[in-house]
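In what follows, a structure is listed as structure tokens, so that the remarks can point back to it.
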Amino acid sequence: MIAATVFALLGALIAFLSSLAGGSLRRLSIAAALSGLLAAVALPLTPGVGLRSSEAVSATLLGLLPSAPLLALMPLGLVLSLLLARRGGRVGALVSGLAGAAALVALGVWLGRPAQLAELVPVPGVMEGLVGLALFALIQVFTWPAKRTRLAGLIAGVVVGALAVTYMLSPDGQTKFPSVRGYYQLMRPVTPAKTTELIGSYNAGLADLNTIRKSIDLPPLKPLTSVTDLAGAGLPQAISDQGYRLLRPGNWDYGGPVLFLMAGLLLGSGLLHSRRPDRQERGDWLAGLIIAAGVTLLVPSFSATNFNLSELVKGGPFLKDFLDRSWPPNLAQINLQNPSANIYPLQEVMSQMALTIEIALVGTFVATLFAVPLSFLAARNLTARSVLMRVSYFVTRAFFNVDRGVDTLILALVFVAAVGLGPFAGVLAMAIHSVADLGKLYSEAIENVDRGPIEALESVGASGTNVLRWAILPQVLPLFTSYTLYRFEINFRVSIVLGFVGAGGIGFFIQGAMAAGNYNQMIIGVIAIVVIVNLIDFLSSDVRRRLV
């Protein structure tokens with residue numbers, strides 16, 4: 001409960017600081033209510049455990065409602081808060097504050113409850129529906145801005161979304177995506193009579209189970225008297241296999257901090273807003289929606305990536321040992337008794353750094369040779385006069401999109417397997433990926449050229465080649481050069497990483513030094529990278545400044 005109180009107070013503190021800064025308090029209330037609703041539906045609040053970790057499920061607040069009806073105070077209060085927030089004013093602000101307080105009470109009561117059994121009740125079609133809805137929304141993003149494409153976008157969105165849902169629900173879809181089926185689950189409470197029956201059934205078979213455990217030198221298990229006996233352990237397999245899980249309200253999942261934070265924020269912003277009803281703006285709803293979407297996307301991402309700063313603190317001794325072994329750099333190691341054993345890391349670093357720059361240069365140059373002509377085929381304003389040119393436009397754009405979707409590192413792995421270790425694989429990977437990036441930038445520069453010179457030359461009957469030479473190229477060449485230099489900077493950094501997969505250069509040297517434990521040699525390469533990156537950045541920035 002201490003952690004829950006901290007998160008609630010943190011939410012109230014955010015509201016207070018925003019009030020001091022003069023921000024819109026209604027915006028915070030809307031953001032907190034929307035974030036709380038999304039978290040209640042999508043973020044896990046309480047884990048339901050079985051015997052093994054693979055059997056654990058994470059129940060959302062909405063999924064826990066059958067087992068904890070009091071939790072319904074939170075979504076109901078949030079919905080009421082949002083409805084009254086449309087009007088604004090003191091009444092809506094007070095309701096927001098009360099909704100936050102009710103949410104805190106409901107969450108606090110739930111966290112204080114003892115462990116209990118619950119039955120898993122899968123809700124079919126939820127994830128399948130979300131997939132269809134996501135596809136529908138994606139199509140609207142591209143078609144809704146233009147009035148002439150809205151109707152077609154709506155029809156296409158409905159058709160594509162419906163087809164996706166139908167396929168996901170089909171036997172083939174269920175086979176391809178087995179985890180989607182019944183992904184969203186409710187936790188239905190187990191009656192005391194059923195709980196007693198399950199415990200009695202488990203205890204009846206305990207003698208045979210202990211006989212097996214004794215034969216493999218495991219300690220015997222004690223009979224169960226109540227669910228509280230399981231609070232510190234997993235659920236017996238005999239009970240877990242029947243679709244039951246043990247809920248431990250006090251052990252919250254990552255949705256718990258979010259719900260308490262938003263409840264505290266709603267309480268604080270609502271009360272403060274009731275004192276200053278004028279603290280609201282026209283764009284509060286849009287801003288609140290953006291904040292809620294960001295919270296709902298970021299929090300699961302932090303959890304999925306195991307983001308935990310305490311682990312970095314635990315790894316402090318390793319980092320200290322790493323730095324101790326890296327410094328001072330070993331620039332050269334001379335063995336007077338055995339000159340053949342002499343090593344010269346600094347010389348090797350300079351040689352590999354030169355190779356890295358050369359890989360980036362060749363890769364960028366080759367990419368430029370192909371990107372320039374392709375960029376004219378990918379420019380909308382130059383390909384609108386004939387069906388053939390429009391086809392070339394879509395084909396070239398599609399190629400750029402596909403090529404940009406394949407990372408340079410993946411291409412490097414493919415080419416290392418095809419042509420062997422060395423810089424040639426790195427050059428090929430870099431050139432192929434850079435074609436798409438440069439081509440897209442070049443084509444957008446062509447699309448933004450001034451139409452005046454083009455129309456002037458066309459009016460006097462100039463050929464297409466002359467229009468290109470005298471009207472388009474003078475406008476885009478400075479931008480082409482700027483984009484090429486910028487791409488060279490990126491390719492230099494990429495070439496360092498490519499060395500780790502055997503594509504040559506300074507990355508290959510660093511990877512070898514680290515694998516051998518020669519950190520005092522590896523650090524020379526790191527220092528050289530920092531120096532060269534800064535030199536390239538300053539030089540290319542100066543050149544771009546003079547050109548554009």
Side-chain angles (χ1 to χ4, degrees), residues 141-142 355-383 389 391-416 418-419 423-449 468 472-473 475-501 503-507 529 532-548:
V141 169
F142 293 100
L355 178 59
T356 301
I357 296 174
E358 290 164 348
I359 292 173
L361 277 172
V362 175
T364 307
F365 176 74
V366 173
T368 304
L369 291 180
F370 287 92
V372 170
L374 289 175
S375 65
F376 288 95
L377 295 177
R380 186 186 299 270
N381 57 335
L382 299 184
T383 56
M389 293 301 292
V391 170
S392 69
Y393 166 80
F394 286 110
V395 170
T396 308
R397 282 281 179 168
F399 165 71
F400 285 168
N401 292 332
V402 172
D403 191 11
R404 291 168 64 227
V406 182
D407 190 78
T408 312
L409 191 61
I410 298 175
L411 291 171
L413 289 170
V414 172
F415 285 117
V416 164
V419 303
F424 182 48
V427 169
L428 290 175
M430 189 178 301
I432 291 176
H433 186 78
S434 298
V435 165
D437 284 335
L438 286 175
K440 184 175 184 298
L441 292 173
Y442 291 167
S443 63
E444 290 176 352
I446 295 171
E447 290 176 348
N448 292 321
V449 296
L468 178 67
I472 298 177
L473 286 180
Q475 297 186 61
V476 300
L477 278 179
L479 288 174
F480 278 18
T481 306
S482 176
Y483 293 149
T484 305
L485 288 172
Y486 181 64
R487 188 65 213 180
F488 170 70
E489 293 181 44
I490 297 174
N491 283 344
F492 173 75
R493 295 173 174 84
V494 170
S495 64
I496 296 170
V497 179
L498 295 184
F500 282 84
V501 296
I506 192 64
I529 289 171
I532 298 300
V533 163
N534 278 277
L535 286 175
I536 292 176
D537 179 69
F538 287 124
L539 289 173
S540 61
S541 295
D542 185 67
V543 173
R544 288 199 303 270
R545 180 178 57 82
R546 296 172 185 274
L547 290 173
V548 181

Distance-minimising heavy-atom pair for [X] and [Y]:
X	Y	answer
Ala371	Leu438	CB-CB, 3.8 Å
Thr396	Leu374	CG2-O, 3.5 Å
Met430	Ala360	SD-CA, 3.7 Å
Ser443	Ser375	CB-O, 3.4 Å
Ala429	Ala412	CB-N, 3.4 Å

| said: Applying ring pair (Phe, Tyr, Trp, His ring centres under 6.0 Å), can you list everything that pairs with Tyr442, at least two apart in sequence or on another chain? | reply: Phe480

| query | CD1 of Ile490 to CG of Leu485: how many Å apart, nearest 0.5 Å? | reply | 11.5 Å

Residues that [X] engages under side-chain contact (heavy atoms from CB on, under 4.5 Å), provided they are two or more places apart:
X	result
Val391	Val387, Val395
Leu361	Ile357, Phe488
Leu413	Val501
Phe394	Arg390

| task | Apply side-chain contact (heavy atoms from CB on, under 4.5 Å) to the pair Thr364 and Thr484, showing each step before the final yes or no. | result | CA-CA 7 Å; Thr364 307; Thr484 305; 3.9 Å; yes

| Around atom CZ of Phe399, are there more than 12 heavy atoms of other residues, nucleotides or ligands at under 6.0 Å? | yes

| note | Contacts of Ser434 meeting side chain to side chain donor-acceptor pair (under 3.5 Å) (sequence neighbours excluded), chain-then-number -> Arg487, Asn491

